[in-house]
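Read the structure below first, then the notes.
Indexing begins at 1, ligand by ligand and atom by atom, following the structure's order.
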Amino acid sequence: MTEPGTPAGAVAERATAGFRGRYGAEPAGRWAAPGRANLIGEHTDYNDGFVLPFALPLRTVVAAAPQDGERWAVWSELADSPVEFGAAEADQPGGVTGWAGYVAGVVWALRAAGHRVPGGRLAIASDVPVGSGLSSSAAIEAATLAALVDLGGLDLTDDRRPRLAQRAENEYVGAPTGIMDQSAVIRCRAGHALFLDCRTESVEQIPFDLDAAGLAVLVIDSRAPHRHADGEYASRRKSCERAAELLGVTALRDVSPAELDAALDRLDDEEMRRRVRHVVTEDQRVLDTVALLRAGRIRDIGPLLTASHASMRDDFEITVPEIDTAVEAALAAGAYGARMTGGGFGGCVLALVDADAADPVAAAVTAAYAERGFPAPAHVTVLPTGGAHRLP
Ligand code: GLA
């Protein structure tokens with residue numbers, strides 16, 4: 001990652017140049033989608049709960065043009081070789097694997113929903129780091145979706161797009177994720193965090209004007225290798241669903257903080273009790289964070305962020321030593337609050353800091369890493385930007 005978040009222009013130019021180089025023609029247009037950070041509300045989305053992500057100034061850009069027939073060609077600056085597929089591969093979940101599976105998954109989901117998807121040539125460039133928990137896959141899905149919808153003149157409003165992109169990821173690629181990432185990269189607005197009710201998919205744009213408050217969010221990429229992240233994610237999800245079943249509720253969202261102790265008493269398994277405690281308390285922390293932001297009290301959300309981290313570390317058990325070290329060092333260096341963001345087992349930490357403290361806090365984290373013998377982390381200072389859109 002570079003500092004402070006690369007402008008859309010450079011990555012868009014790379015996508016255009018890639019398109020020209022690969023296809024020897026001009027693209028019909030360019031569509032951008034951001035990565036996301038989740039301010040708070042982790043592993044609550046698939047429990048029908050609440051999340052509060054915001055869009056990052058790191059983007060994926062798809063340059064695209066239609067082509068005749070049901071064929072799609074995809075080039076990416078991050079891949080060794082381009083990929084081509086037709087309707088047969090697109091209609092078979094898993095028919096295209098690897099990074100191009102996110103593109104094919106979107107074609108599949110659109111076709112499965114009855115849309116007439118135009119054939120196309122696509123070239124992808126991206127500043128969203130892959131495997132860092134900042135939703136690089138959702139960014140590819142959202143930018144591809146925006147491109148195909150516009151090129152085909154399809155009728156698909158923004159509020160219906162996240163579910164479709166999620167289906168691409170769940171059913172075509174085969175990752176059992178929730179609705180947060182796709183919602184964030186499509187529905188976020190600049191200067192705001194997106195308060196999403198994952199049960200109803202209703203959203204509210206919550207003012208999160210860090211700049212005006214003299215604040216910034218420092219995103220620290222732990223560079224910790226993802227350790228069994230897919231299997232651990234799926235097992236956390238299963239455990240939550242099993243707990244809901246045992247408690248006789250549709251989802252853990254239906255257990256209120258006031259009912260938590262009684263609910264925990266009804267569960268025998270100590271590990272499952274910890275998982276439930278995380279989800280129920282995390283939902284409440286999202287609501288408390290939203291209330292503080294509505295009141296313009298951005299600094300005061302710090303302790304909620306830090307409490308969320310402790311809950312992920314101790315109850316949901318999804319952090320790793322590099323991540324905990326980054327959080328502790330950021331707090332010791334004066335961050336108002338810090339927490340891991342995203343699915344866990346590596347990925348990024350975000351720290352809420354005074355804008356002029358971002359560098360010293362980042363330096364303190366780097367020093368703590370050196371002391372522990374971890375490879376140096378990367379970092380970037382971010383302000384909330386907007387979701388997927390066509391570039392002029
Ligand atoms: C990943 C998933 C999301 C969500 C988060 C954890 O990012 O894609 O759906 O579950 O983990 O909050």
Side-chain angles (χ1 to χ4, degrees), residues 33-56 58 101-102 105 128-142 161-188 193-199 201 203 219 221-222 226-241 244 251-253 275 278-286 289 304-305 308-309 311-313 315-320 323 339-350:
R36 66 99 189 91
N38 188 20
L39 187 57
I40 195 162
E42 223 63 80
H43 288 262
T44 45
D45 61 353
Y46 57 79
N47 289 299
D48 277 5
F50 306 108
V51 294
L52 193 61
F54 61 96
L56 297 173
L58 300 165
Y102 298 110
V128 186
V130 174
S132 296
L134 300 179
S135 292
S136 58
S137 58
I140 296 183
E141 290 157 2
R161 294 184 194 193
R163 192 59 82 189
L164 200 133
Q166 186 202 13
R167 284 197 72 200
E169 180 126 3
N170 290 174
E171 296 175 51
Y172 192 91
V173 177
T177 54
I179 190 73
M180 170 170 72
D181 302 343
Q182 291 78 12
S183 301
V185 305
I186 291 170
R187 303 182 79 181
C188 279
L194 183 83
F195 176 35
L196 171 69
D197 179 333
C198 299
R199 170 167 282 167
E201 282 185 66
V203 302
V219 176
D221 186 343
S222 71
H226 271 242
R227 300 173 178 98
H228 314 296
D230 294 351
E232 295 285 356
Y233 184 96
S235 89
R236 294 301 182 286
R237 184 168 182 158
K238 264 208 190 95
S239 174
C240 291
E241 285 165 359
L252 291 181
R253 143 74 172 279
R275 305 296 187 248
H278 166 73
V279 173
V280 173
T281 59
E282 184 78 349
D283 268 334
Q284 187 57 43
R285 282 186 288 270
V286 176
T289 302
L304 290 165
L305 304 183
S308 167
H309 185 78
S311 180
M312 292 191 286
R313 182 190 60 212
D315 279 348
F316 221 59
E317 298 176 280
I318 52 174
T319 70
V320 294
I323 289 280
R339 64 183 290 279
M340 184 184 73
T341 187
F345 305 99
C348 288
V349 160
L350 56 79

- request: Kindly state whether the ring of F54 and the ring of F195 have centres lying under 6.0 angstrom apart.
  value: no
query: Exactly which residues line ligand 1, taking a heavy atom under 4.0 Å from it as the test?
result: R36, E42, H43, D45, Y46, T177, G178, M180, D181, Y233, G343
task: Would you please name every residue forming a side chain to side chain contact (heavy atoms under 4.5 Å, CB included) with T281, sequence neighbours left out?
output: L260, R277, R285, S311
query: Mind checking whether F316 and H43 have parallel, tilted or perpendicular rings, split at 30° and 60°?
result: tilted
statement: In short, M312 meets M340 closest at the heavy-atom pair CE-O, 3.2 Å
field: Sequence-distant partners of R167, side chain to side chain donor-acceptor pair (under 3.5 Å), two or more places apart
entry: E171
statement: Hits for side chain to side chain donor-acceptor pair (under 3.5 Å) against T319, two or more places apart or cross-chain, chain-then-number order -> D324
